[in-house]
2 protein chains.
Amino acid sequence: MRYHRTDIVERAVGVLDQYGLADLSMRRIASELGLQPSALYHHFGSKQELLAAVADEVLERGARPDAPDTAWDDRVVALSRELRDAMLAYRDGAELVATVHAFGLGVRSPAAPLASAIEAAGFDEAFARTAAMTVLHFVFGHVSDEQTHRQANTAGAIDADPLGRADTASFDLGLSLILEGIRHRAAPVRTARH
Amino acid sequence: MRYHRTDIVERAVGVLDQYGLADLSMRRIASELGLQPSALYHHFGSKQELLAAVADEVLERGARPDAPDTAWDDRVVALSRELRDAMLAYRDGAELVATVHAFGLGVRSPAAPLASAIEAAGFDEAFARTAAMTVLHFVFGHVSDEQTHRQANTAGAIDADPLGRADTASFDLGLSLILEGIRHRAAPVRTARH
DNA sequence: ACCTGAACACCGTTCAAGT
DNA sequence: ACCTGAACACCGTTCAAGT
């Protein structure tokens with residue numbers, strides 16, 4: 001059987017969702033496709049490169065059209081929720097996307113649309129970049145926590161909040177704190193001196 | 001040679017700092033101590049357990065005394081900077097501590113002192129927990145970014161900002177956004193003194 | 001109590017060779 | 001262009017056996 005990049009990425013997304021990031025190995029992807037592990041290196045230079053393509057695919061499947069003529073803070077909320085939903089849709093999605101983002105790989109940068117939404121509010125580029133990174137770190141961290149705890153609950157017996165309503169509430173609350181900080185364009189923290 | 005838990009943790013911290021988290025393997029720690037890999041399992045039930053002990057050690061070495069009678073927001077800033085400095089002191093410190101924290105392992109929880117500082121301002125426990133997690137996600141994410149980029153720069157040729165002054169500025173700015181969001185939250189039950 | 005030695009079931013990656 | 005087969009240098013973990 002002859003495969004293309006997209007076939008391999010598609011299969012890798014399946015392996016991710018079924019077995020988790022820890023078991024998303026080159027050897028397992030290859031064997032699921034009926035290939036030798038070495039065959040994958042004809043399509044991707046390294047495992048990192050394949051993971052970046054998988055992360056891009058996860059984000060692309062969760063992408064929704066941006067609404068540039070709505071208020072900047074509504075756009076930030078919409079972009080953050082879109083990102084959260086995209087990562088929640090696949091097992092270990094948050095950890096995968098965060099890892100790929102940390103290494104600077106991947107075509108889709110979730111930071112760019114956040115930053116431009118904040119810039120559209122009239123903030124300068126440097127501030128918008130820092131604010132966008134703050135939002136992004138929050139989203140990655142929160143959703144990673146959600147997924148590891150959801151995993152722990154599924155492994156155990158009962159799940160008090162299977163739909164994650166409490167998670168959604170604390171996600172919105174944490175996000176609103178950062179937005180409020182941006183709105184009030186916080187005074188820089190003082191360095192304590194004695 | 002006969003070792004105790006503490007000897008192994010100490011050596012593991014050294015391996016972490018010298019080779020990074022990816023090369024912090026049971027086999028490498030063992031060989032650095034002149035032991036068989038299996039010997040480590042007499043002291044630790046698993047690699048995860050050993051990593052938790054290493055993360056605790058890193059945090060403990062960076063611990064500074066808390067100042068409970070200062071303003072709540074100054075305490076949050078001080079705790080966040082302490083955490084940042086502790087993780088920056090060892091290669092991949094942030095990724096290690098964040099991973100251990102995500103799995104709910106480790107004795108030292110950096111979230112607890114943050115939450116109690118926020119509670120001391122009069123906010124209820126549930127809000128304080130969410131606000132503390134928001135701060136924590138930001139700190140983990142920001143410092144992880146700092147360390148991966150610092151790593152990339154050290155591998156390359158030049159480093160424009162070797163002391164990370166730009167990183168410190170954006171750390172303080174991001175942190176101040178979250179603090180401003182907490183401040184503008186209505187209805188603290190008690191009013192903070194000072 | 002603490003460690004050795006050997007084994008089991010895995011990894012990512014390279015490379016000559018096949019079609 | 002796409003893949004096989006074999007190899008290299010690794011992993012975490014278990015377990016009987018030694019002192």
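The basis for the numbers below is simple: all heavy atoms, side chains too, and nothing from hydrogens, waters or symmetry mates.
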Enquirer: May I have the distance from Tyr41(B) (atom OH) to dG12(D) (atom P), rounded to whole angstrom?
Expert: 6 Å

Enquirer: When rounded to the nearest 0.5 angstrom, what distance separates OG1 in Thr134(A) from CG in Leu114(A)?
Expert: 10.5 Å

Enquirer: Atom CG of Leu24(A) and atom C1' of dC11(C): how far apart are they, to the nearest Å?
Expert: 13 Å

Enquirer: Quick one, which residues of residues 43-52 of chain A touch DNA chain D with a heavy atom under 4.0 Å?
Expert: His43(A)

Enquirer: Where each residue is assigned the nucleotide of DNA chain D containing its nearest heavy atom, which of Ser25(B) and Ser38(B) is assigned the position nearer the 5′ end?
Expert: Ser25(B)

Enquirer: If you count heavy atoms of other groups shown closer than 6.0 angstrom to CD of Glu125(B), is the number above 12?
Expert: no

Enquirer: Answer yes or no for Arg28(B) and Tyr19(B): cation-pi contact, defined as NZ/CZ to six-membered ring centre under 6.0 Å and angle to ring axis within 45°.
Expert: yes

Enquirer: Rounded off to whole Å, could you give me the NE2-to-P distance for the His42(B) and dA1(C) pair?
Expert: 7 Å

Enquirer: Please verify the inter-ring angle class for His184(A) with His184(B); under 30° counts as parallel, over 60° as perpendicular, anything in between as tilted.
Expert: tilted

Enquirer: Can you pull every protein N or O that's under 3.5 Å from an N or O on nucleotides 16-19 of chain D?
Expert:
none

Enquirer: Round to a whole Å and report the spacing from CG of Leu40(B) to P of dT14(D).
Expert: 13 Å

Enquirer: Rounded to the nearest Å, what distance is computed from the CG atom of residue Leu35(B) to the P atom of nucleotide dC3(C)?
Expert: 6 Å

Enquirer: Rounded to the Å, how far apart are Ile8(A) CD1 and dA1(D) C1'?
Expert: 13 Å

Enquirer: In dot-bracket notation, what is the pairing pattern of DNA chain D, taking Watson-Crick (N1-N3 plus N6-O4 or O6-N4) and G-U wobble (N1-O2 and O6-N3) contacts under 3.5 Å, with [ ] crossing and | for other strands?
Expert: ||.|||||...|||||.||

Enquirer: Could you check whether Glu10(B) pairs with Arg5(B) (Lys NZ or Arg NE/NH1/NH2 to Asp/Glu carboxylate O, under 4.0 Å)?
Expert: no

Enquirer: Starting from C1' on dA7(D), measure out to CZ on Arg27(A) and report it in whole angstrom.
Expert: 10 Å

Enquirer: OP1 or OP2 of dG5(C) less than 4.0 angstrom from a side-chain nitrogen or oxygen of Gln36(B), does that happen here?
Expert: yes

Enquirer: side-chain contact (heavy atoms from CB on, under 4.5 Å), that's the test. Do Phe44(A) and Val9(A) meet it? Break it down for me.
Expert: CA-CA 10 Å; Phe44(A) 300 93; Val9(A) 169; 3.8 Å; yes

Enquirer: Please report the distance, rounded to the nearest Å, between CG in Asp23(B) and P in dG12(D).
Expert: 10 Å

